[in-house]
Amino acid sequence: MLAKNCPEAVLTYGELLMPKKQAFDISWKVGGEAGQGVLTTGFVIGKAFSLSGYNVFTAMENPSLIRGGHNTMQVRITDLEEFCLSPKTDILIALNRESLFLHADEIKKGGFIIYDSGKVELTPEERNSISKKAKIIGVPFTQICMENKYPAVMINTIAAGASIACTNLPMDFLDFAIEKNFQSKNKDSAIIESNKTAAKIGYQHVHDNYAEIVSEETLDVPQVYNDANAFFNGSEAFAIGALKAGCKFVAEYPMTPSTEFLTFMAAHEKDYDIVTKQTEDEISALGHVIGASYAGARAMTATSGGGFSLMVEYLGLAGMTEVPCVIINAQRPGPSTGLPTWTEQGDLRFAIHASQGEFPRIVMAPGDLEDCFYLAGDAFNLADQLQSPVIVLFDKVLAESKQTIAPQLLDESKIVIDRGKLITEEGEKTTAFYARYALTEDGISPRPLPGSNYVFSQASDEHDELGKFEEGLVNRKKMMEKRMQKLETIAKELPAPKYYGDKKAKLVIVGFGSTKTPILETLEKAEREGKKVGYIQIVYLNPFPTKQLKKMLEGKKLMVVESNYTGQLESLIRENCLIEADANFRKYDGRPIDAFELSDAVFKVLKKL
Amino acid sequence: MAKQKGVAQKITKETATSIDFDTPERKPDWCPGCGDFGIMRALKDALFELKIPRQETVLVAGIGCGSKLPQWINTNGFHTLHGRAMPVAQGIKLANPELTVVGVAGDGDTYGIGVGHFIHACRRNIDITLIAENNQVYGLTKGQTSPTSQKDYKSNSTPFGAIDRPINPLMLALSSDATFVARTFSGNMAHAKEIFKKAIQHKGFALVDVFQPCITYNKINTYSYFNQKTYDLQKTGHDTTNLEAAVAKSLEEEKLPIGIFYQKEEASYEDQLPKTNKLPIVKHDISKIKVQKLIDYYC
């Protein structure tokens, strides 16, 4: 494989040899019980592709339990830069009987099902029916484990190796990925070696027993000529950006799908010199964050909808006392406990309006890994500048799905620190209180830190410029206007929504958050079919980009795509821009939107225009 | 750059040693005779005698009559939410352990809505002091029963008498492994001052439960009630290192001991943080952090 940074002479020669970039779309799916290593297998396959420079998107499905149940992980590779999951699969690795039957209908023509022939009995009728859908490859995983004295969990590695044999990929394709996976879990070299061997045993079994398939009918995986990609999820990308932005304090209460922010940050307490705290509940988490931020540390918390509900009162405290804080809400389907391990975008309005009364806040939503990394820097800067909460909306897909990104796209030098009107000097000693809430033209007061010579009061009651309780009507008006002015001031600094696709497109899709990848993939499909569709990604939902969006939608037909029932983004557009959507696509079954169902819907709308 | 407002009085070398924690331009709006006046005076004197600079002190309050106290002490004050002073106080201390952090909240705040945070603050042992202004009633909302009101206490929310048995704050603190548990009485300001001083000096979480009369609403737990019933624990030769003795004292009801019930020396939470840089995180330079190695790890 040619590296991107080859010397020029070789590259020129190589360019002549390099095949044209070809379109491909290949998916693995691993299915099994929790505890069988479904996610590990999927990770190893995805990592192997990422290391070889492929663009990978993975999607997990897991019920809310620790053992048993039905889990899947899809690993999809395509030639596109940005894409999401696929409703179809090329190779199904069924680690248990249930998975075989649950997903047989998803297999594309010419696809494979790999199953444990030693443990799962198929009746002639079952075998017959399934062979019509896919090529059945039986490998006696459990038996092989026993023969080689491997622990039962290693059936997943044997199965992964067997799946490689169904393609044109080399036998050692999984080696590095296996090493990386087990190194990160601090396993010793003996375990790494036995896993590598197990994968090859699975591979060899297919070669020995399915010779015709191996010679004639393997899945052709095209070669790519890229350096290794970075392979991680939105939680990790945001956390890394946050560390770069100087986040020094994380307090959190575990809640799916936000827990990984906490575990990632906790793992880096020492090497990044930060304080992390798992608190007794979500209320305490945001309280700790507000305290740490007041004292001068850049502080954040993460949670999901239920935890965010608990944080609502403290949210108002931060708004009223003008303390910066960054809060991630990694959304999942509600209401109430809902579907803990599934996905939705149902908290948009909630994030914008939560807490009693009115105060300024920013609500932002990253759409992919690149967004997560850079928006982390923006979140902390905006929180410091606005001196108020910044709420970052994630969802399960963005938080948990490992995907690839070219590492050079993550340029840490682009994350700069701007702490707004933070007072860094010591000041002179006096007996006076400092006017923490001094009235200014832009609404933002200079912010001192406790410990300096500026002694100041902060109060959750309405207060005057000195932070003293004050109920008078003149003061109240001034303070409301001051706080709300801050948002107007900051709104001017926010970038406009980004437009993707053909500028001449008549139909424009508007979305927020992780719908970015299915929408971009849909745009790609449209282009390949000669159809014109545009996409506007709304990153900042509060303050809403009314003026800019109105201009961008002039003369266009609007289709709003979101994963909720009531069309919350659609209603925001109607309310702010006075624009009625011409069409919408709303998914609320807990599953992520994929580009196949979306493009079907979009093309139908195009036809009608 | 920053403009200073308010009644400014420059501190010179001559006046530096007599910094007063009073706020002459702000007058408390408590009812005349309220126990909070005694608590405030004792706290001001304690801070002054300990020579803790007012710039390095933060008072964190909840909501209620007593929680207004930071407004009338000339030091940093953060007035938060009902029952929610402890998480904020702990966050402040973890971010900057060089600050002296004192929580001030009433009995409803601390032992009712905030009792969860209270228990975890005890076991966490972050070096902060909590002064619980315990007047056994909800004053600011006009007289309802509180978690520490006696059984059968009559109020506008329990006109037929409170059915709940009261919380025992000291025993709750002891069973939550608090490393400093004390009680005092707002009517005995000299005693309160000494207890506050010892609590603030204690390395770790320190609870001072303060009996205080609410002269407007609580007609049972009055000044004369406390004058008759309270006695100085330290004058009885009580062993503050003995947990069982402390528990026994906390259960006394005929007479109400005041003083230090229990104290033990243990490393504070923040002293055990897995940090390499010893400076408080608020003093770290965040302009040169490098994360390339983290990105590379995922390649």
Side-chain angles (χ1 to χ4, degrees), chain A residues 228-232 240 243-244 246 248-249 251 269-270 273-275 277 279-281 283-284 287-292 294-298 313-314 317 407 410 412 417 423 427 429-435 438 446 448-461 465-466 468-469, chain B residues 1-11 16 19-20 23 26 54-56 58 60 63 68 70-71 74-81 84 86-96 98-99 116-117 119-120 273-277 281-282 284 286-287 289-292 294-296 298-299:
Chain A
N229 278 324
F231 182 53
F232 53 179
I240 293 174
L243 285 174
K244 173 69 189 177
K248 284 281 174 180
F249 187 92
E269 254 192 294
K270 269 198 180 147
D273 264 312
I274 62 176
V275 174
K277 177 91 198 97
T279 51
E280 65 271 23
D281 56 40
I283 301 178
S284 186
H288 275 73
V289 164
I290 290 171
Y294 156 85
R298 282 196 150 182
E313 200 195 12
Y314 261 138
L317 177 71
L410 301 173
E412 65 171 323
I417 313 269
I423 299 172
K429 273 196 182 155
T430 75
T431 57
F433 278 105
Y434 180 74
L449 293 180
S452 70
N453 283 320
Y454 298 106
V455 172
F456 60 99
S457 297
Q458 294 202 159
S460 58
D461 277 56
E465 291 181 85
L466 291 166
K468 182 169 70 110
F469 291 16
Chain B
M1 165 205 129
K3 210 168 45 136
Q4 289 230 321
K5 278 200 193 177
V7 177
Q9 218 183 302
K10 227 171 167 167
I11 294 179
I19 294 169
D20 196 345
T23 59
R26 300 181 180 187
R54 57 187 267 281
Q55 296 84 355
E56 292 168 26
V58 183
V60 184
I63 301 281
K68 294 188 191 179
Q71 295 269 305
N74 198 341
T75 181
N76 295 297
F78 196 162
H79 181 250
T80 66
L81 300 172
R84 315 288 175 197
M86 283 293 94
V88 175
Q90 288 167 115
I92 296 172
K93 188 72 181 182
L94 286 178
N96 190 353
E98 291 175 3
L99 298 171
H117 301 312
I119 290 170
H120 290 282
L273 286 171
K275 280 166 70 206
T276 28
N277 185 341
I281 51 173
V282 299
H284 291 188
I286 62 170
S287 64
I289 298 171
K290 296 272 173 265
V291 296
Q292 188 60 48
L294 294 176
I295 298 169
D296 292 343
Y298 290 102
C299 295

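Throughout, protein chains are lettered first and strands after them, A, B, ... in sequence-line order, and every chain is numbered starting at 1.
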Non-hydrogen atoms of chain B under 4.5 Å away: do they reach the side chain of A:I417, the backbone, both or neither? side chain

Applying a strict 4.5 Å limit to non-hydrogen atoms, the region of A:D461 in contact with chain B is both

Report which part of A:D273 has an atom under 4.5 Å of a heavy atom belonging to chain B: side chain, backbone, both, or neither. both

Residue part contacting chain B, namely of A:E313, when any heavy atom lies under 4.5 Å: both

Leading residue by heavy atom contact count with chain B [cutoff under 4.5 Å; candidates A:E269, A:E280, A:K277]: A:E280

Nearest 0.5 Å, please: how far is CZ in A:F433 from OG1 in B:T23? 6.0 Å

Considering only heavy atoms, which portion of B:R26 lies under 4.5 Å from any heavy atom of chain A: side chain, backbone, both, or neither? side chain

I'd like to know if the side chain of B:N76 reaches the main chain of B:Q55, judged simply by a donor and an acceptor atom lying under 3.5 Å from each other, with no hydrogens or angles considered. yes

Nearest heavy-atom pair of A:P446 and A:I423: which atoms, and what distance? CB-CD1, 3.8 Å

Check whether any side-chain N or O of B:N96 sits under 3.5 Å from a backbone N or O of B:E98 as a donor-acceptor pair, and report yes or no. yes

Nearest heavy-atom pair of A:N453 and A:G427: which atoms, and what distance? ND2-O, 2.8 Å

For the interface with chain A, which of B:I119, B:L81, B:V60 has the highest count of heavy-atom pairs at distances below 4.5 Å? B:L81

What's the shortest heavy-atom distance between B:I295 and A:P407, and which atoms? CG2-CB, 4.3 Å

Counting only heavy atoms closer than 4.5 Å, note whether A:A459 contacts chain B via side chain, backbone, both or neither. both

Quick one: what part of A:F456 sits under 4.5 Å from any heavy atom of chain B, side chain, backbone, both or neither? both

Do you know which of B:G116, B:A95, B:S287, B:A89 has the most heavy-atom pairs with chain A at a distance under 4.5 angstrom? B:A95

Parallel, tilted or perpendicular, judged at 30° and 60°: which one describes the rings of A:F249 and A:H288? parallel

Looking only at non-hydrogen atoms, find the nearest pair between A:K248 and B:H284 and report the distance. NZ-ND1, 2.9 Å

In terms of heavy-atom pairs under 4.5 Å with chain A, the winner among B:H120, B:Q292, B:E56 is B:H120

So, the part of B:K93 with a heavy atom under 4.5 Å from chain A: the answer is neither

Quick check on B:K290: does its NZ atom have over 12 non-hydrogen neighbours (other residues, nucleotides or ligands) under 6.0 Å away? yes

Identify which part of B:L294 has an atom lying under 4.5 Å from any heavy atom of chain A, answering side chain, backbone, both or neither. both

